[in-house]
Trainee: 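Have a look at this one before I ask anything.
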Amino acid sequence: MLDIKFVRNNPQVVQDALVKRGSAVTLEEFLKLDEQRREKLFIVEQMKNKRNLVSEEIGRLKKSGKDAPEMVLEMRELSQQIKEIDEVNKVLEEKLQRILLDLPNIPHDSVPVGECAADNPVVRTWGEPRDFKFAPKPHWDLGEALDILDFERGGKVTGARFTFYKGPGARLERALINFMLDLHTTQHNYVEIFPPFMVNRDSMIGTGQLPKFADDMFKIEGLDYYLIPTAEVPVTNLYRNEILEGERLPILHCAYSACFRAEAGAAGRDTRGLIRMHQFNKVELVKFCRPEDSFEELEKLTRNAERVLQSLELPYRVVALCTGDLGFSAAKTYDLEVWLPSYQDYKEISSCSNFVDFQARRAGIRFRNARGKAQLVHTLNGSGLAIGRTVAAILENFQEPDGSVTIPEALRPYLGGLARIG
RNA sequence: GGAGAGUUGGCCGAGUUGGCUGAAGGCGCUCGCCUGCUAAGCGAGUAUAUGGGCAAAACCUGUAUCGAGGGUUCGAAUCCCUCACUCUCCGCCA
């Protein structure tokens, strides 16, 4: 959420940002409502001031044994008027709040201007896509042939975009989770969190999923709880409505969680394999830091996520999301894209973002600055990494002509020394 | 699921015959004084949000906030209703 005062005083800056994002939203309605609200607020607060003063006076008179029926009568009427204006104001406030909650973050100055993913500049590339001397298979074929992935039964037992991992496949998934958590906790100083996989509405609003993206989420029937689309939600909301001691910053957390996404609007995309599932596993990195440090922390966080791909010897590239492709809450985002032979392309496996104070304002996450004043923190997060897509990348990039798959060296200790599947 | 108790400032904890209580007292913290050092002592300060003064900072000022929402009242931390959460006992369960 943007600062209401900032929007009020810099409407053109906000409007320009909306245009750069490719949004057609205008601020006219907001500015009009805001003006109305402040006008009414000023009036009603003066009325309340009068009521407070007169009520005190009535109290004093009563204490000294006197009565003041005409004052009571007058105040009764005033209170009625206050109530009416308060109701009007409440409606105005709700409208304003809704508009504010639906406004996306302002892209940072360093974000390239562009319309869509095709405009995302490549920042750097690591590793070389392997030159296969045979026709490489897609991971879904490899997985089924090796009997480690079972999409068909996933469909039977639950539905489309669900799968079973089996035998060494299941262990590979588990190994990757442990490998990544160990890497980030022991090498990068993140403190591990194991979060709830369901959260309440306030948490979803805090990180920006609600109210705008309700269709992307699975909601628990009969409760105001949602399955988390990423561990970012529970972990960022850990400190919702708290004022943190400044010395604690930056706070670094990593968390494994299952992630649940409705994938509304993704019908027909990535229908085969592990790439786009309703349920997938992910290790997430989350940071809370001082405003002045956040862009440097984003660079570090991105490097931390890259380290996973490097350790697994998976070729990848880093792209900077352009203004048109930037997520709703983000001020700046780097995507890590891993090479997938089946796509003959790089495919997103991690998204690392700086949200500046956008989430912190929604979630009320603050710290005490040097002057002892409460100030909003900056929040960041990034996948470190998506597990399912990592499995896909390993299967495809490390496949052998006979259909077996070599396990990257770094991962073998987590598989009891296993060097090859199949 | 059944029964009971509770939810006040960074923390502890007063306040339940409604009326200068944004909130006593204590602890903690900050600054100052004092002091060979430390400790103790003394003094002052110490919430957040949102409006106005003003374009902004400092500052001044209004309003709101005692789990959340609603009600009664001239006036609610205090009375009433609904909900959430925490704790204890019972039941059930991994």
Side-chain angles (χ1 to χ4, degrees), chain A residues 1-14 30-101 194 196-206 220 222-226 234 237-249 251 291 357-358 360-377:
Chain A
M1 188 162 63
L2 301 176
D3 182 2
I4 189 165
K5 278 180 275 192
F6 181 83
V7 181
R8 181 186 301 146
N9 296 328
N10 307 277
Q12 201 51 52
V13 174
V14 177
F30 171 88
L31 294 170
K32 194 184 81 194
L33 291 170
D34 180 58
E35 180 84 35
Q36 285 176 13
R37 172 180 160 266
R38 278 186 298 151
E39 203 174 290
K40 294 250 187 268
L41 195 61
F42 185 73
I43 292 166
V44 81
E45 284 186 350
Q46 283 184 327
M47 291 165 80
K48 284 179 181 174
N49 181 227
K50 182 176 183 189
R51 180 178 67 183
N52 288 345
L53 294 173
V54 174
S55 290
E56 269 174 42
E57 180 63 21
I58 292 171
R60 268 195 293 274
L61 286 172
K62 287 217 169 182
K63 221 167 215 174
S64 61
K66 293 176 197 148
D67 224 344
E70 70 292 331
M71 284 170 116
V72 170
L73 220 62
E74 192 192 338
M75 286 308 102
R76 185 178 300 168
E77 194 164 310
L78 183 64
S79 268
Q80 190 53 42
Q81 289 171 16
I82 287 173
K83 201 170 168 183
E84 283 165 18
I85 300 176
D86 269 345
E87 273 165 28
V88 172
N89 259 349
K90 198 176 164 187
V91 172
L92 284 172
E93 251 162 57
E94 277 165 7
K95 282 184 181 170
L96 275 168
Q97 186 70 6
R98 177 62 202 227
I99 293 173
L100 220 45
L101 283 172
F194 197 109
F197 291 1
M198 289 183 208
V199 297
N200 59 31
R201 165 174 294 268
D202 285 344
S203 294
M204 283 296 198
I205 290 172
I220 304 300
L223 279 174
D224 217 8
Y225 291 171
Y226 298 79
N237 279 282
L238 248 185
Y239 305 113
R240 174 149 51 83
N241 292 137
E242 292 190 27
I243 299 175
L244 304 162
E245 287 309 317
E247 307 85 71
R248 287 184 62 191
L249 300 176
I251 295 173
D357 60 10
F358 189 86
R361 184 172 294 106
R362 288 175 164 245
I365 308 169
R366 293 170 294 178
F367 73 104
R368 291 219 177 269
N369 63 24
R371 298 198 342 270
K373 293 306 253 180
Q375 188 180 345
L376 294 168
V377 301

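Naming convention: chains lettered A, B, ... in sequence-line order (proteins, then strands); numbering from 1 in each chain.
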Trainee: Looking only at atom P, what distance separates U88(B) and C81(B), rounded to whole Å?
Mentor: 26 Å
Trainee: What is the per-nucleotide protein-contact pattern of nucleotides 72-80 of chain B, from the 5' end, where B denotes a base atom under 4.0 Å from a protein heavy atom, S denotes such proximity for sugar-phosphate atoms only, and - denotes neither?
Mentor: S-BS-----
Trainee: Could you grab the distance from atom CD1 of Ile365(A) to atom CG of Asp357(A), nearest 0.5 Å is fine?
Mentor: 11.0 Å
Trainee: Do side-chain atoms of Arg51(A) reach the backbone of Met75(A) as a donor and acceptor pair under 3.5 angstrom?
Mentor: no
Trainee: Closer than 4.0 angstrom, basic N to acidic O: yes or no for Lys90(A) and Glu87(A)?
Mentor: no
Trainee: Asp86(A) has an atom CG; how far is it from atom P of G51(B), in whole Å?
Mentor: 15 Å
Trainee: Do you know the tightest heavy-atom contact between Ile220(A) and Tyr226(A)?
Mentor: CG1-N, 4.4 Å
Trainee: Any Lys/Arg nitrogen of Glu74(A) or Lys50(A) sitting under 4.0 Å from an Asp/Glu carboxylate oxygen of the other?
Mentor: yes
Trainee: I'd like the C1' distance from A24(B) over to A5(B), given in whole Å.
Mentor: 25 Å
Trainee: Rounding to the closest angstrom, what is the interatomic distance between C80(B) and G28(B) at atom P?
Mentor: 38 Å
Trainee: Looking only at atom C1', what distance separates C87(B) and U48(B), rounded to whole Å?
Mentor: 28 Å
Trainee: Minimum heavy-atom separation for Arg8(A) and Phe30(A), please, with both atom names.
Mentor: N-CE2, 4.4 Å
Trainee: With a cut-off of less than 4.0 Å, is there a side-chain N or O of Arg8(A) near OP1 or OP2 of G51(B)?
Mentor: yes
Trainee: How many whole angstroms separate atom CZ of Arg38(A) from atom C1' of G62(B)?
Mentor: 16 Å
Trainee: When the C1' atoms of U46(B) and C54(B) are compared, how many Å lie between them, rounded to an integer?
Mentor: 28 Å
Trainee: Over how many whole Å does the gap from Gln36(A) atom CD to U50(B) atom P extend?
Mentor: 20 Å
Trainee: Which part of the nucleic acid does Lys40(A) contact within heavy-atom distance under 4.0 Å: base, sugar-phosphate only, or nothing?
Mentor: nothing
Trainee: Please find the pair of heavy atoms, one from Val7(A) and one from Leu31(A), that lie closest to each other, and give the distance.
Mentor: O-CD2, 4.3 Å
Trainee: Rounded to whole Å, how long is the line connecting atom CG of Leu61(A) with atom P of C20(B)?
Mentor: 15 Å
Trainee: How does RNA chain B read in dot-bracket, base by base from 5' to 3', with Watson-Crick or G-U pairs under 3.5 Å and | used when the partner is on another strand?
Mentor: ((((((((.[[[..)...(.....]]]((((((.......))))))(((((((.....))))))).[[[[[..)....]]]]])))))))....
Trainee: Distance from Leu100(A) atom CG to Leu2(A) atom CG, nearest 0.5 Å?
Mentor: 6.5 Å
Trainee: Separation of Lys48(A) atom NZ from G52(B) atom P, in whole Å?
Mentor: 15 Å
Trainee: Please report, rounded to the nearest Å, how far the P atom of U61(B) is from the NZ atom of Lys50(A).
Mentor: 22 Å
Trainee: Within the structure, does a side-chain N or O atom of Arg366(A) lie under 4.0 Å from either OP1 or OP2 of A49(B)?
Mentor: yes
Trainee: Is it true that Ser203(A) and Asn200(A) share a donor-acceptor pair across their side chains at a distance under 3.5 Å?
Mentor: yes
Trainee: Could you tell me the separation between the CG atom of Asp202(A) and the C1' atom of C83(B), rounded to a whole number of Å?
Mentor: 14 Å
Trainee: Using nucleotides 6-12 of chain B, report all nitrogen or oxygen pairs with the protein that are shorter than 3.5 Å.
Mentor:
none

Trainee: Say we look at G22(B) and G62(B): how far apart would their C1' atoms be, to the nearest angstrom?
Mentor: 15 Å
Trainee: Looking at every non-hydrogen atom in both residues, tell me the closest pair between Arg361(A) and Met1(A) and how far apart they are.
Mentor: NH1-O, 2.6 Å
Trainee: Pick the P atom in A77(B) and in A23(B), then give their distance to the nearest Å.
Mentor: 12 Å
Trainee: If we ignore hydrogens and angles and just use 3.5 Å, is the side chain of Arg362(A) paired with the main-chain N or O of Ile205(A) as donor and acceptor?
Mentor: yes
Trainee: Considering just the side-chain nitrogens and oxygens of Arg60(A), establish if one lies under 4.0 Å of OP1 or OP2 belonging to C20(B).
Mentor: no
Trainee: Rounded to whole Å, please give me the gap between CG in Asn49(A) and C1' in C20(B).
Mentor: 14 Å
Trainee: Is the side chain of Asn9(A) donor-acceptor paired with the backbone N or O of Lys5(A) at a distance under 3.5 Å, no angle test?
Mentor: yes
Trainee: Give the minimum heavy-atom separation between Leu61(A) and Met71(A), together with the two atoms involved.
Mentor: CD1-SD, 4.0 Å
Trainee: Please give the distance between the C1' atoms of G1(B) and G75(B) as a whole number of Å.
Mentor: 43 Å
Trainee: Between Tyr225(A) and Lys5(A), name the one whose nearest nucleotide on RNA chain B is closer to the 5' end.
Mentor: Lys5(A)
